[in-house]
Amino acid sequence: MSRLRVPASFDCWLGELLREDRVQEAEEALTLLVENPRLADGQLRLLLENTLHYCKNYEELETIERFRDSLFPVFMSHADEMMQDHRLGWEAEIASYISYEEEYNEKYQYSHKYAWRAAYRNEQPDPCEYASEEKYLRVREERKRRHKWFCNMGEPYGLNPDQFSDEDAFFEALRQARIKASADAAVERDEKKKGAQLLRDGIGIEIYEYCRVLLPNSIEAYCYLTDGLSLAIGDQVVVPAGEDNREVNGVVASVEKHTRITAPYPVEKTKKVLRKASEVNNTMGD
């Protein structure tokens, strides 16, 4: 019996039928061919491989899926032992191609194995950056909680992290607050510079004399108004300290003149030096 002559373009024709979704026609044509007793085993294997390669067009994956689901079973139903030995290899080749298209073809970013992404389209974070819905949802939950660590720092710029649903909203509010704080600080610096200039120019502006006083057991100097006393660095003075305004001896560390704008502490809230310390009681802490 002479071997069947298979048209050279038969594999391409089958592939085009699958590409056009004419699956039934392709399956019927292949069935007629493989049931012909004149078709040699080598011809069947070559036709399978050529058709498989034609379906891997690296443009889409529907054609190869139709090949896998319709023509491949027909081929393997008439396969000899050698072809059966190659079955797993062909199945792996098909799966690998499908996986490649799903991963790198933008056409499938929201379909096939990534169909779950469609539920989160246009949301943040971008679902296309994640391979599985499980990991994506875990990251979303982490981002909802991540900004809460600010609670340990109090309420930065008056913002309470617990009042925001996720970190995006919180950090946007924090960014705006920082911008405002920076702008306010710039305005304050400008005002202080203007006040200092007015002070240097002697233009009619109220001047307040401050002194910084070192108190016993303290490394920090506290601000007081001199209240008209003539003080110099090193002078011993008596000042009110604490909530009960108990009298405490201290040493003047500096004497400065300020306007309300440049004052190191609000004028209305600044305590006043009571008097210079007496010659008898001139030891700090006595």
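Please read all numbers here as calculations on a predicted model, not as lab measurements. Throughout, numbering of the chain's residues begins at 1 and tracks the sequence. As a basis for the values below, the full set of heavy atoms in this structure was taken, side chains included, without hydrogen atoms, waters or symmetry mates.
Between the side chain of T51 and the backbone N or O of L47, at least one donor-acceptor pair lies under 3.5 Å. With hydrogens and angles ignored, the 3.5 Å screen pairs no side-chain donor or acceptor of R260 with any backbone N or O of V267. Listed for the R117 side chain is a donor-acceptor partner under 3.5 Å among the backbone atoms of Y130. Side-chain atoms of D235 come within 3.5 Å of backbone N or O of A232 as a donor-acceptor pair. Judged by distance alone, the side chain of Q84 and the main-chain N or O of M76 form a donor-acceptor pair under 3.5 Å.
Atom CD of E27 and atom CG of L14 lie 11.0 Å apart (nearest 0.5 Å). In this structure, OG on S96 lies 10.5 Å from CD on E101, to the nearest 0.5 angstrom. Separating the CH2 atom in W116 from the CG atom in L137 is a distance of 7.5 Å, to the nearest 0.5 Å. Between R68 atom CZ and E93 atom CD the span is 14.0 Å, to the nearest 0.5 Å. The CD1 atom of I64 lies 10.5 Å from the CG atom of D69; values are rounded to the nearest 0.5 Å. Here CD1 of I94 is found 9.0 Å from NZ of K56. Values are rounded to the nearest 0.5 Å.
Side-chain contact between N105 and L61 is absent, with no heavy-atom pair separated by less than 4.5 Å. Side-chain contact between L30 and S70: absent, with no pair of heavy atoms (C-beta onward) separated by less than 4.5 Å. Between P7 and W13, every side-chain heavy-atom pair lies at or beyond the 4.5 Å cut-off. A heavy-atom distance below 4.5 Å is found between the side chains of D21 and V23. Counting heavy atoms from C-beta outward, Y114 and C128 have side chains that stay 4.5 Å or more apart. For the pair T259 and I207, the minimum side-chain heavy-atom distance is below 4.5 Å. Between P125 and Y120, every side-chain heavy-atom pair lies at or beyond the 4.5 Å cut-off. Looking at Y222 and V239, their side chains never come closer than 4.5 Å, going by heavy atoms from C-beta outward.
Residues V74 and S77 share a closest heavy-atom pair of O-OG, 2.6 Å. Taking both residues in full, the closest heavy atoms of G15 and C55 are given as CA-SG, 4.3 Å, listed atom of the first, atom of the second, then distance. The nearest pair of heavy atoms linking D227 to V273 is CB-O, 4.3 Å. Nearest heavy atom pair, residue P216 against residue V248, reads CD-CG1, 3.5 Å. The minimum heavy-atom distance between R212 and P264, with the atom names listed, is NH2-CB, 3.5 Å. Nearest heavy atoms, R275 versus L229: CA-CD1, 3.8 Å.
The hydrophobic clustering, which links ILVMFWY residues whose side-chain heavy atoms are closer than 4.5 Å, places I233 and L231 apart. Cluster membership check: V237 does not share its hydrophobic cluster with L225, using side-chain heavy-atom separations under 4.5 Å among Ile, Leu, Val, Met, Phe, Trp and Tyr. Cluster membership check: M83 shares its hydrophobic cluster with L52, using side-chain heavy-atom separations under 4.5 Å among Ile, Leu, Val, Met, Phe, Trp and Tyr. V252 and Y208 fall into different hydrophobic clusters, where Ile, Leu, Val, Met, Phe, Trp and Tyr are joined by side-chain heavy atoms under 4.5 Å apart, directly or via other members. Hydrophobic clustering (ILVMFWY, side-chain heavy atoms < 4.5 Å, transitive): Y210 and L274 are in distinct clusters.
Taking the six-membered ring where tryptophan is involved, the planes of Y58 and Y97 are perpendicular, since the angle between them exceeds 60° and thus also 30°. Taking the six-membered ring where tryptophan is involved, the planes of F67 and F72 are tilted, since the angle between them lies from 30° to 60°.
In this structure, E49 pairs ionically with R45, as a charged nitrogen and a carboxylate oxygen lie closer than 4.0 Å.
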Please test R66 against E20 for side chain to side chain contact (heavy atoms under 4.5 Å, CB included), starting from the C-alpha separation and ending with a verdict.
CA-CA 10 Å; R66 293 165 190 151; E20 297 172 6; over 6 Å; no
Could you give me the CA-CA distance, side-chain angles and deciding distance for N57 and R19, then say whether side chain to side chain contact (heavy atoms under 4.5 Å, CB included) is met?
CA-CA 10 Å; N57 52 51; R19 188 165 188 168; 3.9 Å; yes
If you apply the rule ring-ring contact (aromatic ring centres under 6.0 Å, His included), what do you find for F75 with W90, and how did you get there?
CA-CA 12 Å; F75 277 115; W90 288 323; 8.5 Å; no
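No more than 12 heavy atoms of other residues, nucleotides or ligands sit less than 6.0 Å from atom CD of E243. Around atom NZ of K107, more than 12 heavy atoms belonging to other residues, nucleotides or ligands sit under 6.0 Å away. No more than 12 heavy atoms of other residues, nucleotides or ligands lie within 6.0 Å of NZ in K272, so this atom counts as exposed by the packing criterion. Within 6.0 Å of CD on E81 lie no more than 12 heavy atoms contributed by other residues, nucleotides or ligands.
Checked options E60, E65, E59; the residue passing with T63 is E60 (criterion: side chain to side chain donor-acceptor pair (under 3.5 Å)).
The ring-ring contact (aromatic ring centres under 6.0 Å, His included) search around Y265 returns none, not counting sequence neighbours. Under the side-chain contact (heavy atoms from CB on, under 4.5 Å) criterion, E134 pairs with S132, R138, sequence neighbours left out.
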